[in-house]
Every structure is written in C-alpha cells, then in structure tokens.
Amino acid sequence: MQILFCHPNAAPGEAERWQAGLTARLGAAGLGVPGFTIRTPEVAAPPADYALLWNPPPAALLGQTRLRAAFALGAGVDALLGADVLPPGVPLYRLEDAGMAAQMVEYALHAVLRWQRRFDEYEALAARGEWRTLTPRPRPLIAVLGLGALGGAVASAFAGLGYRVRGWSRSPRALAGVEGFAGPEALMACLDGAGVLIDLLPLTAGTRGLLDGRVFAQLMPGALFVNLARGAHVVEADLLAALAGGRLSAAVLDVFGQEPLPAGHALRDHPEVTVTPHIAALTRIDAALDSIAAAITAIEAGATAVPGRVDPARGY
C-alpha cells in the first residue's frame, strides 16, 4: 500500500507525525507498513493507493490512476472540489469530527456569552479605567445554519444550556431541543427574530453569497452574527451595512473571503467586529489519524459504506 501526503502548509515535522501515526495504526489493523511519500514540488509522486490532502496544488495528483480514495485533512472540502484536484471517480472523504466539534462548541459558546453578558463592553470600560455595571442582554433565540457534525454539536450544546435554538439544514434533521427547519423555503422562518445567527454551513453553489442584507434583515435588531464556516457565504458589503444600521450590534468572524484578511480591510479594525485567523476548530492529528486509519481499514476490507464520504453533487 502506498500513501501520498500533500499538505504544503504543514508545520515542520507535521508530515512525519502523520506518517508515524498512520503506520502504527494500519500495522495494528494487520495491513502492514505502508509506503509513505511526502509530496513537495521537488518530490515526484509515485503511484499511490490513498492520498491525504490539504490545500494541494492543482497538479498534486496528476497521473494518479490507481487511487482508491483521497482524504481531506479537515471538515471543509470546497477547495478540493472546486480545483478539480481529484482524478475522475476517486472517492473523497472528509473528517466528520476528529476533535473539531468540541472546539466549535467552545468557540460558539465564548462568542455568544461574551456578547450576551457584555464582556466585550467591560473590556472597553476597563481599558478606559471606568468601573460601571451593565445590564446583561436577555437570553437570545439562536439560529444555527448547518446541522452537520459541527453545526449539530453547536446547536445541541446551546439547547442543553436552556437556550431556545433553531436549526436550518438542506434536509430535515431531528435534534433534541432544537426546532428544525429544512430547505430554501424555510430559511427566513428559521431566522425570523433570532438574536444570534451562527453560520456552520458547507460552501456550495447554493450557499455562496447566501448571507446577505435580506438575511440580516430577518434578525432581531441588534443581533450578533458568528461565522465559523466560510467567508464566501457572506456578502461583505451587506454585513457592513447591517452593522452600520444597527440590525447587527456585533459580529465574530473566524473566516473571510480572502485569507489572511488584508491590512486595512473594513472588517479588520471595525469596532463591532471580532476577528480570529480561521482557528475555531483545528484538526487534531491523533483523532484524525484514528478516523482515516479506520476508513482505510474498512475500504481494504471491501466495505461500501464508509463514514465521511463526500457527495460531489452536494459539495459535502
């Protein structure tokens, strides 16, 4: 078995950690010691059975005719599907959790509680040397867009804390304590009067540019917007207009249409916007290795239904 690893942005030593971890796991599963090639511009890629990919160059898999599967080293797969990296017919698998769901929950909870309890305003008061008590905002109605492994975990976490939660997805999803909405025709009803909007949708043709002025106008005046999904979901001019007009009182943004966010960009130093550099949920290598090794073991055993397989037509 030959495995190709292509991650141009991997930290020093990271590729070797993937190699050692996968070798140990596949060996323990009785599959022997795989060959492992770390693909760089200077290293030609030998024929491989499996590929591990993150932001690969377009020609990374050129000539790979025997690939049985490729694995995205993260939850999002839009970059792989959009760049035509994969040879025709090669199945793509994404990481459904790999330690990311817990991180998304932590980030979302922090963003909402910081805004609801007005800790962001207390930070500003402290910086000015002021000692003053602020009235907390009432518990908001929370709308979560996207109820996959990550969005479902976030919606369930808020429901478990007693928040009123709505969730919107392409097809119906049943989650305890979450009022479900499904399909394009139900989006506005899901958003109506929500005090917090959390985006955890995949990036597809149907979700690109979805979050525009019409969407923000459905929210409660002074709402909070939290984007943990993709910057391309948002019409930035409409987001800035919603902040200027008071429809939104704040936004917490981890993703952007252009990353890194350029210096001088209107969102970077906006007083009502909190910016983080796409860190809401980082891939945990050990958890990802467990998932990928289990998938390869299942494929080698002839399994036809392996978790995490991407439907290219849907984009996730």
Parallel, tilted or perpendicular: which one describes the rings of Phe216 and Phe225, with boundaries at 30° and 60°?
perpendicular
How many angstroms lie between atom CG of Leu61 and atom CG of Leu80, to the nearest 0.5 angstrom?
8.5 Å
Distance-only, no hydrogens or angles: does the Asp238 side chain make a donor-acceptor pair with backbone N or O of Ala241 under 3.5 Å?
no
Charged N to carboxylate O below 4.0 Å: is that the case for Asp78 and Arg94?
no
Sort and list the pairs that fulfil ring pair (Phe, Tyr, Trp, His ring centres under 6.0 Å) and have at least one residue in residues 285-316, not counting sequence neighbours.
none
Contacts satisfying ring pair (Phe, Tyr, Trp, His ring centres under 6.0 Å) that involve residues 245-281 (not counting sequence neighbours) are none
Pairs under 3.5 angstrom only: tabulate donor-acceptor contacts from the side chains of residues 136-147 to other protein residues two or more places apart or in another chain.
{"unit_1": "Arg137", "atom_1": "NH1", "unit_2": "Trp115", "atom_2": "O", "d": "2.7"}
{"unit_1": "Arg139", "atom_1": "NH1", "unit_2": "Leu161", "atom_2": "O", "d": "2.6"}
{"unit_1": "Arg139", "atom_1": "NH2", "unit_2": "Leu161", "atom_2": "O", "d": "3.2"}

Mark yes or no for whether Glu106, through its side chain, and Ala101, through its backbone, hold a donor-acceptor pair below 3.5 Å.
no
Counting distance only, does the side-chain N/O of Gln103 pair as donor-acceptor with the main-chain N or O of Leu282 below 3.5 Å?
yes
Verify, without hydrogens or angle tests, whether Thr207 (side chain) and Leu210 (backbone) share a donor-acceptor contact under 3.5 angstrom.
no
May I have all residue pairs that pass side-chain hydrogen bond (donor to acceptor under 3.5 Å, both in side chains) and include part of residues 299-315, sequence neighbours excluded?
Tyr50-Glu300, Arg68-Glu300
Contacts satisfying side-chain hydrogen bond (donor to acceptor under 3.5 Å, both in side chains) that involve residues 23-36 (not counting sequence neighbours) are Arg25-Asp290
Between the CD atom in Glu121 and the CD atom in Glu130, the distance rounded to the nearest 0.5 Å is 11.5 Å
Is the side chain of Ser249 donor-acceptor paired with the backbone N or O of Gly222 at a distance under 3.5 Å, no angle test?
yes
Would you list the pairs meeting side-chain hydrogen bond (donor to acceptor under 3.5 Å, both in side chains) in which at least one residue belongs to residues 157-178, sequence neighbours left out?
Gln116-Tyr163
Should the heavy atoms of other residues, nucleotides or ligands under 6.0 Å from CZ of Arg268 be counted, would the total exceed 12?
yes
